[in-house]
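Here the structure is a predicted model, which means the values were calculated and not measured.
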Amino acid sequence: MKELNNPFVVYGYKGPDYFCDRVAETERIMSGLSNERNITLIAPRRIGKTGLIHHVFASIREQQPDICCIYFDILATKTLDQFIQIMARNVLGRLDTPSQSALRKVQDFFSAFRPTMTFDANTGIPTFSLDVARGQQEQSLKHIFDYLKLSKKRCYIAIDEFQQITKYPETDTEALLRSFIQFVPNVYFIFAGSKQHMMSDMFLSPERPFYQGAQIVNIKEISEKVYYEFSNEKLLKHGQELPEGIFHYLYLRVDGQTWYVQAVLNRIYSYQTDQISESDIDSAIQELIDEEEVAFENYYSSLTTNQAALLVAIAKEQRVKSPMAQSFISKYRLPALSSIKTALESLSDSQFIYQYQGEYIVYDRFFGMWLRDRIE
């Protein structure tokens, strides 16, 4: 693989040389899949969940190239129909060679749903979409899972932001998917999600269809020591020195969250600074915040008065254990307790805030910094 211009990857997966640690998590997931266990992967956004999935799949492809690894993200889906379409696009045709016989096989198998096909310009792999009429969702899903089963090819499928299915208007989506998934012996799944409480409820509540349906893997921050060694090695090759104390300063400022560490070091790498200092870290963070200011202004203006007041108060405190405590309410002159409870639920649901190590924190670390600095 061609060497990257900047080793601190901010988007996508660029290979093991640019992927920091996650050795234990990688081994745990690969072992689970190898031993016929589905995996539930739970982590906050921007901590490296998606990168870990791609790293696992890259490792599997290298060691066992006959296994088919498929990834798709359903965050943008709103209905079961949309889920079926995105699954069809990513699954159908992937278990066959891109030949005319494979095309006929898929078209015959899904003839009732009038499949349409396009070819990927880079790989030549066909991509299919289905015409699913109202009331045919269950039958179309059955056909997709039958297609997977009849192929007899071992396959691992990662569905990112899996908690999204709980928001579909079709109330039986969880039960429907579980009913098909448990009877496909050659296919195992990674169910990944960033809304921790929703994912936990789905897989740990006895009354839910996916209860005990997967091995739970939680992702935490990369060890500061390991992350420092990885970062310093990359910077030293570039003629830059990163003192351990300066990395500690960065790590604390962004709570060790992977994307933010990567984003800052990506900028630092481009500065060509020989000896990296705290002021360099501050400059890089400010640069990133300034670039997002329009988005942050839009986020803030979309909030109700009560939501905005609570969000700013949490940002000012940085971490809040009890947002409904009277001392906190009085300090920031927040509205009545019932209004705070409603605002807290709304901000949590929309992922403006979440519970981090038992305390509420603004989800986007840079947005939290912007709120502290710009909003009175």
Can you confirm if the aromatic rings of F203 and F191 lie within a centre distance of less than 6.0 Å? yes

Output yes when a side-chain donor or acceptor of R154 lies under 3.5 Å from a complementary backbone atom of D66, and no otherwise. no

Counting only heavy atoms from other residues, nucleotides and ligands, does the tally under 6.0 Å from CG of N5 exceed 12? no

Assess, by modelled atom type and distance only, whether the side chains of Y71 and H54 contain a donor and an acceptor separated by less than 3.5 Å. no

Are more than 12 heavy atoms, taken from residues, nucleotides or ligands other than K316, located less than 6.0 Å from that residue's NZ atom? yes

Ring centres under 6.0 angstrom apart (F352, Y300): no

What class does the angle between the rings of Y251 and Y227 fall in, given that below 30° is parallel, 30 to 60° is tilted and above 60° is perpendicular? perpendicular

Determine whether D17 and K234 satisfy the following criterion, salt bridge (Lys or Arg N to Asp or Glu O under 4.0 Å), listing intermediate values before the conclusion. CA-CA 10 Å; D17 290 343; K234 303 297 184 189; over 6 Å; no

Can any side-chain N or O of N38 pair as donor or acceptor with the backbone N or O of Y188 at less than 3.5 Å? no

Distance only, no hydrogens: is a donor on one side chain within 3.5 Å (strictly under) of an acceptor on the other, for E287 and Y271? yes

Is there a donor-acceptor contact under 3.5 Å linking the side chains of S279 and D282? no

Does the side chain of S223 come under 3.5 Å of the side chain of D21 through a donor N or O and an acceptor N or O? no

Taking all non-hydrogen atoms of both residues, which atom of K49 and which atom of A192 are closest, and how far apart? CD-CB, 3.8 Å

Looking only at non-hydrogen atoms, find the nearest pair between V320 and I314 and report the distance. CG2-CA, 3.9 Å

Check the angle between the aromatic planes of W259 and Y11 and answer parallel, tilted or perpendicular using the 30° and 60° thresholds. tilted

So which atom in P243 and which in I276 form the shortest heavy-atom distance, rounded to 0.1 Å? CD-O, 3.5 Å

Applying salt bridge (Lys or Arg N to Asp or Glu O under 4.0 Å), run through R28 and E25 and close with a yes or a no. CA-CA 5 Å; R28 199 175 305 136; E25 296 93 332; 5.8 Å; no

Residues joined to I361 in its hydrophobic cluster, side chain to side chain under 4.5 Å directly or through other members, sorted by chain and number, are Y354, Y356, Y363

Start with the C-alpha gap between E233 and K237, add the side-chain angles, then the distance that decides, and say whether salt bridge (Lys or Arg N to Asp or Glu O under 4.0 Å) holds. CA-CA 6 Å; E233 178 190 4; K237 287 182 179 179; 3.7 Å; yes

With Q137 as partner, the option from T79, T173, L80 fulfilling side-chain contact (heavy atoms from CB on, under 4.5 Å) is L80

Report yes or no: do E27 and S31 form a side-chain donor-acceptor pair below 3.5 Å? no

Check whether the side chains of S346 and Q307 place a donor and an acceptor atom closer than 3.5 Å, and report yes or no. yes

Anything under 30° is parallel, anything over 60° is perpendicular, the rest tilted; go ahead and classify F83 against F72. perpendicular

Is any side-chain heavy atom of R22 closer than 4.5 Å to a side-chain heavy atom of I219? yes

Heavy-atom closest contact (G32 atom, I39 atom, distance): CA-CD1, 4.1 Å

Can you confirm whether R178 sits close enough to R208 that some side-chain heavy atom of one is under 4.5 Å from a side-chain heavy atom of the other? no

Donor-acceptor pair, distance only, cut-off 3.5 Å: does the side chain of Q240 make one with the backbone of L235? no

Main-chain N/O of T77 paired to Q164 side chain as donor or acceptor, under 3.5 Å: yes

Is the distance between the ring centroids of Y156 and F57 less than 6.0 Å? no

Full working for salt bridge (Lys or Arg N to Asp or Glu O under 4.0 Å) between K225 and E229: CA-CA 6 Å; K225 181 177 184 298; E229 291 172 353; 2.6 Å; yes

Is any side-chain heavy atom of D364 closer than 4.5 Å to one of Y260? yes

Using atom types as modelled and distance alone, determine if a side-chain donor or acceptor of Y168 lies under 3.5 Å from a backbone N or O of D81. no

Counting only heavy atoms not in E62 (residues, nucleotides, ligands), do more than 12 fall under 6.0 Å from its CD? no

Answer yes or no: is there a side-chain heavy-atom contact under 4.5 Å between L177 and L141? yes

Distance alone, cut at 3.5 Å: any donor-acceptor contact between the side chains of R46 and Q257? no

